[in-house]
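In what follows, chains are A, B, ... by sequence order, proteins preceding strands, each numbered from 1.
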Amino acid sequence: MEQRRYEQWVAGGHFHASAESDKPPYTIVIPPPNVTGSLHMGHALDHTMQDALARRKRMQGYETLWLPGMDHAGIATQNVVERQLGEQGLSRHDLGREAFVERVWQWKAESGGAILGQMRRLGDSVDWERERFTMDAGLSRAVHTMFKALYDDGLIYRAERIINWCPRCLTALSDIEVEHTDDDGELVSIRYSDEVVVATTRAETMLGDTAIAVHPEDERYQHLIGTEVELPLTGRCIPIVGDEHVDPTFGTGMVKVTPAHDPNDFEIGQRHGLPSHTIMDERGVITAPGPFAGLDRYEARPAIVAALREQGRIVAEKRPYTHAVGHCSRCRTTVEPRLSLQWFINTSPLAKAAGDAVRDGRVRIEPAELAKRYFAWVDNMHDWCISRQLWWGHRIPVWYGPAGEVVCVGPDETPPAGDGWRQDEDVLDTWFSSGLWPFSTLGWPEQTPELATFYPTSVLVTGYDILFFWVARMMMFGLYAMDGRQPFDVVALHGMVRDEHGKKMSKSFGNVVDPLDWIDRFGADATRFTLARGANPGGDVAVSEEWCQGSRNFCNKLWNATRFALLNGAHTQGALPPATELSTVDRWILSRLARVTAEADEQFEAYEFAKVCDLLYHFAWDEVCDWYVELTKPLLAAGGAAADATRRVLGEVLDQLLRLLHPVIPFITDELWIALTGGETVMTAAWPAVDQALVDAAAETEIATLQRVVTEIRRFRSDQGLRPTQRVVARLDGLAGAGIAGHEPLIRSLVRLDAAGTDFQASAVLTLPGEVGVALDTRGSIDVAAERARLTKDRAAAAKEVGQARTKLDNPAFVGKAPEPVVQKIRDRLATAEADLVRIDAALEALSS
RNA sequence: GGGCGCGUAGCUCAGUGGGAGAGCACUCGCCUUACAAGCGAGGGGUCGCAGGUUCGAAACCUGCCGCGCCCA
């Protein structure tokens with residue numbers, strides 16, 4: 001059912017947005033999933049939110065573009081294809097660069113982008129005609145244009161720096177592609193000389209030491225500054241320098257300095273003009289001459305410790321010693337800080353602008369509290385290493401000439417002619433192209449109608465976990481490339497999807513839920529509703545199968561309610577009858593509908609998806625199904641003009657309710673709406689407008705009273721053990737005083753009370769709030785103990801209320817300082833509770849006599 | 001080590017100065033003519049702990065305990 005409906009939506013062109021439309025634009029670009037990826041719960045949550053926003057805006061009359069696509073995931077994709085080659089005993093070098101890249105494209109054509117099909121299952125209303133991929137010609141042109149612009153502005157530079165290096169992927173990584181974990185290691189203290197002892201977790205790097213550093217004001221060691229010490233195992237002599245960044249309280253207060261293998265040491269080296277000795281190759285194998293050459297870094301460590309121990313130089317060892325270790329976010333290999341020549345972006349002016357755009361309110365982060373995290377990142381941004389030693393990606397458009405020339409070519413410039421020119425071997429970080437996504441997908445650098453219409457995008461919906469990875473980069477690039485115009489007006493953040501105990505889903509823990517499995521078993525609507533219902537701004541979402549079942553049950557409830565409506569002639573033909581021709585029940589539900597519509601709008605605008613779902617769930621189930629539908633039964637059975645009006649109102653309420661729910665649960669609402677109204681699709685129906693004229697406080701009060709009376713009678717019946725079907729003869733008194741005189745037939749119908757005849761004998765008398773009396777003839781089967789228990793409980797509640805209210809009112813400070821409405825409210829509460837007490841006491845006394 | 005955040009019913013979470021809420025789970029009764037994937041009724045919380053501000057604190061402030069995330 002769902003797939004057929006989806007294809008109809010696509011075929012109907014309902015997802016397509018036109019740049020030539022004169023409607024106001026509303027734009028969302030999808031956070032591009034990885035071309036190697038498949039749909040997981042995180043995507044399902046992210047997409048559900050975006051789809052809900054897009055569908056609502058479409059119904060509101062906006063030219064709504066939700067643009068889909070994927071990124072090329074440089075490292076991940078290259079890994080996949082290299083693994084395939086590996087199975088045939090080949091490496092990418094056997095193929096050569098050109099053939100390898102061809103092979104990757106082939107892989108993409110055959111098995112890339114599985115997620116796109118899965119998005120259809122979820123119901124994503126994306127404009128498939130505008131699907132984009134970061135390696136497409138247009139987007140590649142955007143990348144080259146951006147590179148050239150930044151290069152010409154002096155914001156891109158090439159330098160030898162310590163970077164994060166993955167010895168398995170054989171490429172540089174940016175700071176954010178490194179994940180730190182606390183790992184068990186060892187801390188060994190090595191005596192370099194009688195006076196020089198240093199502690200390190202990386203003994204093997206001592207081969208590359210070029211100094212010892214102490215704090216310049218450390219009195220223990222001041223006299224050593226300027227002297228030299230012999231580096232064990234090497235015979236080299238290295239200086240002792242004073243540097244303020246040494247922590248005198250850590251270990252011995254002396255640190256070894258290995259500028260080529262540690263970022264902090266590199267800086268110390270820069271400050272003191274120390275040489276850098278690289279002692280490992282790109283795979284982490286020791287290259288320093290001597291007995292350790294050829295050993296892997298993890299073999300070299302124990303070997304070197306052993307050699308030092310033999311010389312009696314190991315003076316202390318701590319095992320295990322827990323310390324933070326960086327890992328490649330793609331393959332978990334321990335990152336090796338490595339001195340190498342890379343391309344960088346000078347982020348300071350860009351990050352400043354990215355921070356200011358949020359600070360001055362041009363871009364709003366929802367929820368606002370998360371802006372703090374954003375600032376923490378953009379205000380302390382390091383330069384961004386953008387070169388990767390990969391083949392799959394956008395090759396850096398820089399050419400080197402035979403005479404040492406360096407030329408950056410723009411998108412339309414041909415590479416320099418002549419012999420001896422070669423292009424830079426590296427490609428750009430995938431996030432470089434992802435950073436251009438909000439405008440490269442709209443045609444930039446061309447000035448397309450799409451760019452003019454749909455930029456800036458309206459909202460970016462993504463997880464707080466990539467606020468740094470991606471959002472900050474789009475902000476930097478968008479503001480730079482689009483003349484200071486922000487890439488999006490709002491960033492709506494959500495959290496992670498977790499299991500039913502709030503635990504992170506992980507393969508190793510075995511608690512991963514596949515959204516496609518839920519879609520198969522419970523439907524896309526139930527899956528979406530479960531996620532949306534848990535989606536508080538910026539918060540994680542815990543989900544479980546039971547909750548998805550609950551969502552499925554809700555969809556089923558809607559189906560049954562609509563079935564009831566259709567079986568009873570509900571319709572949406574013609575105008576609503578005027579209020580004067582409507583029953584109180586009809587006026588009440590229309591009033592509630594108006595209020596709920598207003599509230600839903602408010603919550604939607606605030607990206608409060610959980611509140612929208614909660615609101616509509618309770619309105620639909622508690623008010624429409626449990627009360628309104630039940631109340632219409634006697635009205636419809638009575639027939640006549642009133643029944644005709646109710647059929648129209650019932651149709652109206654469901655029509656509007658299905659529209660309100662459509663953004664979150666698109667499939668079933670469309671199915672039911674078409675059946676109810678005969679329309680083409682609810683997708684193109686107008687979003688419900690709030691009609692203030694329908695708000696009817698008097699009707700609401702009346703029905704609230706009716707509900708309280710009915711509930712009290714049901715409570716009595718339940719406590720008395722009267723079966724729901726058992727009809728009881730009863731006399732109702734005081735309805736007029738409570739303002740619900742006209743509703744006696746409704747009340748009798750809902751609680752199955754028959755009219756009192758001539759032989760009526762009351763065996764139980766209830767007095768309800770508002771002086772309503774119910775005298776029931778239970779044919780002597782009254783359970784006195786149960787009734788006494790019930791009344792005693794009610795009395796305790798009323799007495800507690802009286803006590804609390806009195807305490808407040810007896811406090812002169814409260815009466816004197818609290819605002820008058822609050823005091824009045826307490827007075828009212830006291831009066832009500834005191835009246836209840838009198839009533840209940842009378843009933844208890846009657847019971848005893 | 002630095003920063004951010006959380007601690008409310010059995011579970012997952014709303015609730016930011018004025019009567020402690022929801023879903024699920026639980027108990028009891030029901031095959032009531034839309035729906036047992038349901039209907040009706042009900043039980044359940046010293047709002048982490050200790051101080052403070054206030055007429056009034058789950059909410060605001062301070063400290064402590066416990067947990068999580070990000071960064072180094």
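A donor-acceptor contact under 3.5 Å is formed by the side chain of A/R552 with the base of B/A37. The base of B/A34 lies close enough to the side chain of A/E630 for a donor and an acceptor atom to sit less than 3.5 Å apart. Between the side chain of A/E801 and the base of B/G19 there is at least one donor-acceptor pair of N/O atoms closer than 3.5 Å. Put simply, the side chain of A/K372 and the base of B/C4 share no donor and acceptor less than 3.5 Å apart.
Base pairing of B/A14: no nucleotide in any strand meets the Watson-Crick or G-U wobble criterion (both distances under 3.5 Å). Look at B/C69: its Watson-Crick or wobble partner, with both distances under 3.5 angstrom, is B/G3. Across all strands shown, B/U53 remains unpaired; no Watson-Crick or G-U wobble contact has both distances below 3.5 Å.
Phosphate proximity of B/A34 to A/K633: present, with a side-chain N or O under 4.0 Å from OP1 or OP2. Considering only side-chain N and O atoms, A/K611 lies under 4.0 angstrom from the phosphate OP1 or OP2 of B/G15. At least one side-chain nitrogen or oxygen of A/N553 sits closer than 4.0 Å to the OP1 or OP2 atom of B/G38. Proximity of A/R563 to the phosphate of B/C35: a side-chain N or O atom is located under 4.0 Å from OP1 or OP2.
With B/C11, B/G38, B/G18 as the candidates, the nucleotide lying closest to the side chain of A/V822 is B/G18. Nearest to the side chain of A/W547, among B/U12, B/G18, B/A41, sits B/U12. Distance from the side chain of A/K557 is smallest to B/C35 among B/A72, B/C55, B/C35. Nearest nucleotide to the A/R715 side chain, out of B/G42, B/G38, B/U32: B/G42. Comparing B/A72, B/A22, B/G15 by their closest approach to the side chain of A/D614 singles out B/A22. Side chain of A/W621, nearest nucleotide from B/C30, B/G38, B/C35: B/G38. For A/K793, taking side-chain heavy atoms from C-beta onward, the closest of the listed nucleotides B/C4, B/G43, B/G38 is B/G43. Across B/A72, B/C55, B/A41, the shortest atom-to-atom separation from the side chain of A/H180 is found for B/A72. Nearest to the side-chain atoms of A/K825 among the listed nucleotides B/U32, B/G23, B/G18 stands B/G18. Comparing B/C35, B/C55, B/G19 by their nearest atom to the side chain of A/F814 picks out B/C55.
Computed from coordinates, the A/R723 CZ to B/C31 C1' distance equals 13 Å when rounded to whole Å. Counting to the nearest Å, the C1' atom of B/A34 and the CG atom of A/L672 are 12 Å from each other. Put simply, CG on A/N536 is 11 Å from C1' on B/U12, counting in whole angstrom units. Spacing between atom CG of A/L750 and atom C1' of B/U32 amounts to 11 Å, rounded to whole angstrom units. The CD-P distance, from A/E834 to B/G19, rounds to 18 Å in whole Å. Straight-line distance from the CG atom of A/L650 to the P atom of B/A34: 12 Å, rounded to whole Å. A straight line from NE2 of A/H501 to P of B/G68 spans 16 Å, rounded to a whole angstrom. In this structure, A/L531 atom CG and B/C13 atom P are separated by 14 Å, rounded to whole Å.
At a threshold of 4.0 angstrom between heavy atoms, the contacts of A/T711 are confined to the sugar-phosphate backbone, with no base atom among them. Within the nucleic acid shown, A/C555 has no heavy atom closer than 4.0 Å to any nucleic acid atom. Residue contacts for A/N568: at a heavy-atom cut-off of 4.0 Å it reaches no nucleic acid atom on any strand shown. Using a 4.0 Å heavy-atom criterion, one finds that A/A610 contacts no nucleic acid atom at all. Counting non-hydrogen atoms under 4.0 angstrom, A/R498 reaches nothing in the nucleic acid. Heavy atoms of A/P819 sit under 4.0 angstrom from at least one base atom. Counting any heavy atom pair closer than 4.0 Å across all strands shown, A/A376 reaches no nucleic acid atom. Residue contacts shown for A/Y617 are limited to sugar-phosphate atoms, with no base heavy atom under 4.0 Å away.
Remark: the separation of the P atoms in B/U8 and B/A59 is 13 Å, to the nearest Å. A gap of 16 Å separates the C1' atoms of B/U46 and B/G7, to the nearest Å. To the nearest whole angstrom, the two P atoms, one in B/G18 and one in B/C61, are 16 Å apart. Nucleotides B/A25 and B/A50 are separated by 34 Å at their P atoms, to the nearest Å. Separating the C1' atom of B/G52 from that of B/C13 is a span of 30 Å, rounded to the nearest Å. B/C6 and B/U62 are spaced 14 Å apart, taking the P atom of each and rounding to whole Å. Separating the P atom of B/C4 from that of B/G63 is a span of 13 Å, rounded to the nearest Å. Comparing the same atom, C1', in B/C31 and in B/C26 gives a spacing of 23 Å after rounding to whole Å.
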Derivation and outcome, side-chain contact (heavy atoms from CB on, under 4.5 Å), residues A/F619 and A/L593 | CA-CA 8 Å; A/F619 177 66; A/L593 174 67; 4.0 Å; yes
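For the pair A/R473 and A/W384, the cation-pi test (distance below 6.0 Å, angle within 45°) is passed. A cation-pi arrangement is absent between A/R528 and A/W547, since the terminal nitrogen or guanidinium carbon is not both under 6.0 Å from the aromatic centre and inside a 45° cone about the axis.
One side chain, A/Q824 or A/D828, offers a donor N or O that lies under 3.5 Å from an acceptor on the other. A donor-acceptor contact under 3.5 angstrom links the side chains of A/D540 and A/Y464, judged on distance only. No side-chain N or O of A/T677 forms a donor-acceptor pair with one of A/D655 less than 3.5 Å apart. Neither side chain, A/T632 nor A/T646, offers a donor N or O lying under 3.5 Å from an acceptor on the other.
Under a 4.0 Å N-O distance rule, the pair A/R647/A/D586 does not qualify as a salt bridge.
Comparing A/V178 and A/R829 by the nucleotide of RNA chain B whose heavy atom lies nearest to each, the residue mapping closer to the 5' end is A/R829. Along RNA chain B, the nucleotide closest to A/V543 and the one closest to A/V629 are compared, and the more 5′ of them pairs with A/V543.
Between A/F604 and A/F609, the ring planes are perpendicular. Angles over 60° get that label, and only those under 30° would be called parallel.
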